[in-house]
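Single-structure report; data block below.
Residue numbers count from 1 along this sequence. Since the model is a prediction, treat every value here as computed from it, not as a measurement.
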Amino acid sequence: MTTASPTSVDSRPIPLENDPGGGVLGGRYRALTLGIVSVVLLLAFEATAVNTAMPVAARQLDGLGLYAFAFSGYFTTTLFALVVSGQWCDRRGPLQPLFTGIAVFGAGLVVAGAAPDMWLFVAGRAIQGLGGGLVIVALYVVVGRAYPERLRPAVFAAFSAAWVLPSIVGPVVSGAVTQHLGWRWVFLTVPVLILLPLAVMGPALRRSERDHPVLKGADFDRRRTVLAAMAALGAGLLQYAGQRLDLIGLLPAVAGAALLLPAVLGLLPTGTLRAGRGLPTVILLRGVAAGAFFATEAFIPLMMVTQRGLSPTLAGLTLTSGGLSWALGSWLQGRPGAERYREAMIRGGFVLTAVAIAGAALVLVPAVPAWVAAVAWAVGGIGMGLTVASISVLMMKLSAPEDAGANSASLQMSDALGNVLLVGLAGVLFSALGGGSVAAAHEGAGGTGSAGAFAVIFLTMTGVALLGALVSGRVRRA
């Protein structure tokens with residue numbers, strides 16, 4: 001936990017006796033809730049649309065070898081933006097980093113959509129990561145400052161519920177646009193959605209800023225900012241080394257590890273990497289859950305297109321069930337009386353995620369129907385809804401008011417780091433086992449040459465999820 005600062009955000013919840021607004025959609029909180037949910041809607045629609053369009057984009061840009069890099073590159077720059085956003089929120093409030101992040105996010109979409117080659121496409125995704133990192137921490141700080149503790153589980157459930165509509169509509173719209181207009185239009189049209197959160201969020205957030213004034217005066221912590229830059233650069237070097245897979249790649253690999261390890265130790269709460277009891281384990285498990293789930297999810301559409309010959313639309317729809325059931329899992333953890341079962345819900349969520357990843361791998365067997373992947377991903381969505389929302393609630397509960405921004409940033413940094421390392425590992429496995437070249441050669445033909453690459457990735461992520469279940473008992477403080 002970070003050291004208390006007299007200039008940090010006043011994130012103390014409103015006392016219940018002064019909280020006449022009722023629930024998250026009551027008079028006091030309605031506009032703010034709708035505003036932050038609209039931001040999550042933007043991020044959710046972009047994610048589902050990109051998952052659907054990515055296999056086509058990577059093939060047309062001759063970049064299947066960099067397929068995983070297009071995902072992990074996003075989270076690499078997010079590592080830096082998370083720390084900057086946490087400090088920015090603690091010293092100036094969430095308004096500026098939130099709106100700045102939305103604008104940068106939109107700019108990244110435009111760069112990716114106009115990219116003439118795969119490396120520039122990855123650069124656009126990296127710009128998106130900068131914006132996404134600024135936005136997500138700001139949203140968490142808004143929740144910590146504006147809502148009483150009793151309403152926070154419902155707010156996090158609303159975050160998950162905001163994925164429902166994009167999960168249904170996103171793959172269909174993105175697939176149709178990709179097939180009939182081209183994948184570029186998926187990226188170039190999403191920025192239009194930025195207008196919705198800007199219009200809804202602005203007035204409500206400004207009112208919240210007036211109700212919870214920020215004590216200004218402190219400068220940014222230069223040490224944490226430098227460590228964040230080291231983490232992002234180190235992660236980038238490791239990914240580059242993983243793509244080379246030769247002796248020359250050892251140099252950036254060593255340099256990346258030398259930068260990343262001390263940066264992570266300095267940025268995350270003490271004891272995170274060794275699963276110290278309480279907050280350190282809570283932070284660690286966020287990265288484990290996100291990395292295992294999204295590393296698998298990144299490769300499911302590609303698997304469905306190359307191994308089962310599905311169209312981009314049908315391949316993207318495979319993930320729809322996960323978005324819907326994630327909202328269900330998050331809703332369940334927010335029910336009255338669920339608080340006493342936090343640890344059990346986290347452990348059970350990891351087990352369900354492991355079952356889902358293993359179940360999705362069954363589709364590599366030609367005799368198994370393709371719809372089995374959608375059923376498996378529905379199971380995984382419930383598990384992630386239980387796990388991620390419960391981890392967020394525990395993080396807030398274990399954080400002092402003055403540490404809300406820093407610990408929210410640590411939680412999101414663990415999320416991003418888990419994605420960078422595990423999606424990057426999946427990319428290395430995919431390239432090392434010949435997945436990139438073989439998938440391209442067997443495009444839409446149901447070829448089995450790259451089935452082994454997908455199987456190894458899914459088996460590895462199943463093991464990671466089971467490891468999370470084993471460690472989950474340590475979320476309870478000694």
Side-chain angles (χ1 to χ4, degrees), residues 34-54 56-57 61 69-86 88-89 92-142 159 162-163 165-167 169-171 173-174 177-178 181-206 232 316 412 415-416 419:
L34 292 176
I36 60 178
V37 167
S38 69
V39 177
V40 178
L41 275 170
L42 168 67
L43 299 177
F45 186 82
E46 183 273 342
T48 55
V50 166
N51 278 338
T52 302
M54 190 67 77
V56 176
L61 293 174
F69 213 171
F71 289 95
S72 58
Y74 176 101
F75 294 103
T76 299
T77 53
T78 298
L79 289 172
F80 177 73
L82 291 172
V83 174
V84 172
S85 185
W88 198 348
C89 289
R92 299 292 184 268
L95 184 65
Q96 293 179 7
L98 179 61
F99 288 163
T100 301
I102 291 174
V104 173
F105 187 82
L109 284 166
V110 173
V111 172
D117 56 55
M118 193 63 176
W119 279 111
L120 193 57
F121 180 84
V122 170
R125 294 284 290 160
I127 295 172
Q128 282 183 253
L130 286 173
L134 292 174
V135 168
I136 195 64
V137 172
L139 288 180
Y140 271 68
V141 173
V142 168
F159 279 17
W163 281 77
L165 182 61
S167 296
V169 177
V173 174
S174 177
V177 171
T178 299
L181 298 178
W183 64 266
R184 296 184 185 277
W185 288 102
V186 174
F187 290 85
L188 296 176
T189 55
V190 170
V192 176
L193 298 178
I194 290 175
L195 300 176
L196 175 62
L198 288 177
V200 177
M201 189 74 169
L205 187 56
R206 288 189 179 91
Q412 298 303 324
D415 186 305
N419 275 285

Does Leu188 form a side chain to side chain contact (heavy atoms under 4.5 Å, CB included) with Leu109? I'd like the steps, not just the answer.
CA-CA 6 Å; Leu188 296 176; Leu109 284 166; over 6 Å; no
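- In this structure, Ser85 and Ala138 approach most closely via the heavy-atom pair OG-N, 3.9 Å.
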Chi angles and distances behind the side chain to side chain contact (heavy atoms under 4.5 Å, CB included) call for Arg184, Phe121:
CA-CA 10 Å; Arg184 296 184 185 277; Phe121 180 84; over 6 Å; no
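- In this structure, Arg125 and Phe75 have side chains that are not in contact, with every pair of non-hydrogen atoms separated by 4.5 Å or more.
- A distance of 6.0 Å separates CG in Leu43 from CD1 in Ile136, rounded to the nearest 0.5 Å.
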List the steps, then state whether side chain to side chain contact (heavy atoms under 4.5 Å, CB included) holds for Thr189 with Val177.
CA-CA 10 Å; Thr189 55; Val177 171; 5.7 Å; no
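- A distance of 7.0 Å separates OG1 in Thr78 from CG in Leu130, rounded to the nearest 0.5 Å.
- Nearest approach of Leu82 to Gly133, heavy atoms of both residues: CD2-O, 3.6 Å.
- Formation of a donor-acceptor pair under 3.5 Å by the Thr77 side chain with backbone atoms of Ala126 is found in this model.
- In terms of heavy atoms, Leu139 sits closest to Val39 at CD1-CG1, 3.9 Å.
- The side-chain heavy atoms of Trp183 and Met54, taken from C-beta on, include no pair separated by under 4.5 Å.
- Atom CG of Leu95 and atom CH2 of Trp88 lie 10.0 Å apart (nearest 0.5 Å).
- The distance from atom CZ of Phe105 to atom CD of Gln128, rounded to the nearest 0.5 Å, is 5.0 Å.
- Across Ala49 and Ser174, no two heavy atoms sit closer than the pair O-OG, 2.8 Å.
- Note that CD of Gln96 is 11.5 Å distant from CG of Leu134, once rounded to the nearest 0.5 Å.
- For the atom pair CZ (Phe187) and CD (Glu46), the distance works out to 7.0 Å, reported to the nearest 0.5 Å.
- Of all heavy-atom pairs spanning Gly124 and Val111, the tightest one is CA-CG1, 3.6 Å.
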